[in-house]
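Note that these values count all heavy atoms, side chains included, but never hydrogens, waters or copies made by symmetry. No experiment lies behind these values; they were computed from the predicted model shown.
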Amino acid sequence: MDAFKLMKELRVNYEQEVYYLPKETGLSLIESTTQDDSRISAKCRDAKVEDLWSLTSFFGYSTQTFVLAVNLLDRFLAMMRIQPKHLSCISLSCLHMAAKVTEEECNLTPTDELIRIGQCRFTVSDLGRMEKIVAEKLNFKSKAITALTFLHLYHQITCSHSMDRKETLNLEKLEAQLKACLCRISFSKAKPSVLALSLLRQEIEAIQSEDMLEIAYHIQRHLKIADGELLLWSERVAQCLSDYASPECSKPNHRKLQWIVSRRTAQNLHSYRSIPELPTIPEGGWDESESEDSCEDVMSSGEESLSSSLGSDAEGPFFPLHFRCQKHSRHLHA
């Protein structure tokens, strides 16, 4: 694609990105929710997104699938008042919806297998019903403009204009760092165009390419992104990657995701016991009164989290070596 078409496409996406943003008021309510509350907390949401990262790597899905799934999840959570017991079904529904849009049909994981490997306690019919609810509420058809959309456009523009062929931008590394940011709900408040440019600028500064830095400035001016806004999110991106970096993430390791489960979980994965159906999901929005649900919670509080084994790109050399945590942390903290 030539430079003119790239810049035109960039502008069109920039003008439309607002339609695919989660409601900031809903995100703020999630951030203010405490762990012992009956609603989804930021920590609960972040852990579930890490689970999605694990699953996308396990099934060989693309970064596009993961990013779209997170976008659908955040938009839905910011719109609806959700109880924690429904979060697994919602997140897996978003992943399945995203995969059906972005992956080849022959590569799609069967629904029952997705539920089994995801260690979830609901049925195929539950998942199908949830997908219909999410699609209806978000008016979802086939696309969304995300930070990955801009990251790919920025990468194309930068590489096509740069005269410095000694240094190249590693798109795989940029995608891995975007995934790390998306594991924090706070980054869902950023405009996708700004978050992607923040990641691009940080990588360009790391490889010290004046040529590419000038191109990034040109992109910023073209989209009329304010210096203050870009600086704010650039600092947050740097801090996020600093917190996220660990000895494991810094060491080159491109092996496939290894699924490690306890004996109890392994038994559950291979059992054919009957699975209780989820109780009816209240469809009230954040601004509506809560519908009480007296049905028994079918999600076990002791259920293992999948996020103990993130994707293989989380184990690679994609995070700044000078951002070493003194104490290894398994999860990102909101």
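- Looking only at distances, no side-chain donor or acceptor of Arg236 sits under 3.5 Å from a matching main-chain atom of Ala190.
- Of the charged side-chain nitrogens involved, none lies within less than 4.0 Å of a carboxylate oxygen, so that Glu9 and Lys5 do not count as a salt-bridged pair.
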Do any side-chain atoms of residues 93-101 form donor-acceptor pairs under 3.5 angstrom with protein atoms, and if so which ones, sequence neighbours left out?
residue, atom, partner, partner atom, Å
Ser93, OG, Cys89, O, 2.6
His96, ND1, Glu131, OE2, 2.6
Lys100, NZ, Glu131, OE1, 2.7

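- Within 6.0 Å of NZ in Lys189 there are more than 12 heavy atoms belonging to other residues, nucleotides or ligands.
- Taking the six-membered ring where the residue is Trp, Phe187 and Trp233 present tilted rings, their angle falling between 30° and 60°.
- Considering every non-hydrogen atom in both Tyr154 and Leu200, the closest pair reads CB-CD2, 3.8 Å.
- Every residue meeting the side chain to side chain donor-acceptor pair (under 3.5 Å) condition with Glu103, not counting sequence neighbours, appears here in chain and number order: Ser62, Thr65.
- Residues Val49 and Leu73 form a side-chain contact, since some pair of their non-hydrogen atoms from C-beta on lies under 4.5 Å apart.
- Atom OG of Ser188 is separated from atom CG of Leu195 by 9.0 Å, given to the nearest 0.5 angstrom.
- Neither Phe150 nor Leu231 shares a network with the other; the hydrophobic side chains, linked directly or stepwise wherever heavy atoms of I, L, V, M, F, W or Y lie under 4.5 Å apart, form separate groups for each.
- Residue Leu27 holds its CG atom at 8.0 Å from OG1 of Thr25, rounded to the nearest 0.5 Å.
- Relative ring orientation between Phe59 and Tyr61 is described as tilted, the plane-to-plane angle lying within the 30° to 60° band.
- If you take OG on Ser91 and CE on Met130, they are separated by 9.5 Å, rounding to the nearest 0.5 Å.
- Across Ala180 and Leu241, no two heavy atoms sit closer than the pair CB-CD2, 4.1 Å.
- Of all non-hydrogen atoms in Ala78 and Pro22, the two that sit nearest each other are CB-CB, 4.0 Å.
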Derivation and outcome, salt bridge (charged side-chain N to carboxylate O under 4.0 Å, His left out), residues Asp126 and Arg129: CA-CA 5 Å; Asp126 285 329; Arg129 181 165 58 93; 3.4 Å; yes
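- The pair Lys48-Asp51 meets the salt-bridge criterion, since a charged nitrogen lies less than 4.0 angstrom from a carboxylate oxygen.
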Ser54/Glu50 under side chain to side chain contact (heavy atoms under 4.5 Å, CB included): CA gap, chis, key distance, verdict: CA-CA 6 Å; Ser54 297; Glu50 289 188 352; 5.7 Å; no
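- Ion pairing between a basic and an acidic side chain is recognised when a charged N comes within 4.0 Å of a carboxylate O; Arg221 and Glu214 show such pairing.
- Screening Leu10, Leu171, Leu6 for a side-chain contact (heavy atoms from CB on, under 4.5 Å) with Gln156, the sole residue that qualifies is Leu6.
- A distance of 4.5 Å separates SG of Cys240 from CZ of Arg184, quoted to the nearest 0.5 Å.
- A salt bridge between Glu203 and Lys173 is present, with a side-chain N of the basic residue lying under 4.0 Å from a carboxylate O of the acidic one.
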Evaluation steps, salt bridge (charged side-chain N to carboxylate O under 4.0 Å, His left out), between Lys132 and Glu136: CA-CA 6 Å; Lys132 291 180 180 179; Glu136 178 185 342; over 6 Å; no
Asn71 and Val67: CA distance, side-chain angles, deciding distance, side chain to side chain contact (heavy atoms under 4.5 Å, CB included) verdict: CA-CA 6 Å; Asn71 177 265; Val67 175; 5.6 Å; no
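- Note on residues 63-75: pairs passing salt bridge (Lys or Arg N to Asp or Glu O under 4.0 Å), not counting sequence neighbours, are Arg45-Asp74.
- Looking at Glu175 and Lys179, no side-chain N of the basic residue comes within less than 4.0 Å of a carboxylate O on the acidic one, giving no salt bridge.
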Evaluation steps, side chain to side chain contact (heavy atoms under 4.5 Å, CB included), between Trp53 and Leu182: CA-CA 10 Å; Trp53 187 349; Leu182 293 182; over 6 Å; no
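- Considering only residues two or more places apart in sequence or on other chains, Gln16 meets the side-chain contact (heavy atoms from CB on, under 4.5 Å) condition with Val12, Tyr19, Lys143, Ile145.
- With rounding to the nearest 0.5 angstrom, the CG atom of Leu197 is 7.5 Å from the CG atom of Leu223.
- Judged as a side chain to side chain donor-acceptor pair (under 3.5 Å), and not counting sequence neighbours, the contacts of Glu113 are Arg116.
- Taken from OG in Ser198 to CG in Leu178, the straight-line distance is 11.0 Å, to the nearest 0.5 Å.
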Evaluation steps, side chain to side chain contact (heavy atoms under 4.5 Å, CB included), between Arg201 and Gln220: CA-CA 10 Å; Arg201 282 283 305 273; Gln220 181 187 350; 3.9 Å; yes
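- In terms of heavy-atom proximity, Thr158 sits nearest to Ile215 at O-CD1, 3.6 Å.
- Side chains of Glu17 and Asn13: no donor on one and acceptor on the other come within 3.5 Å.
- With sequence neighbours left out, Glu235 forms a salt bridge (charged side-chain N to carboxylate O under 4.0 Å, His left out) with no residue at all.
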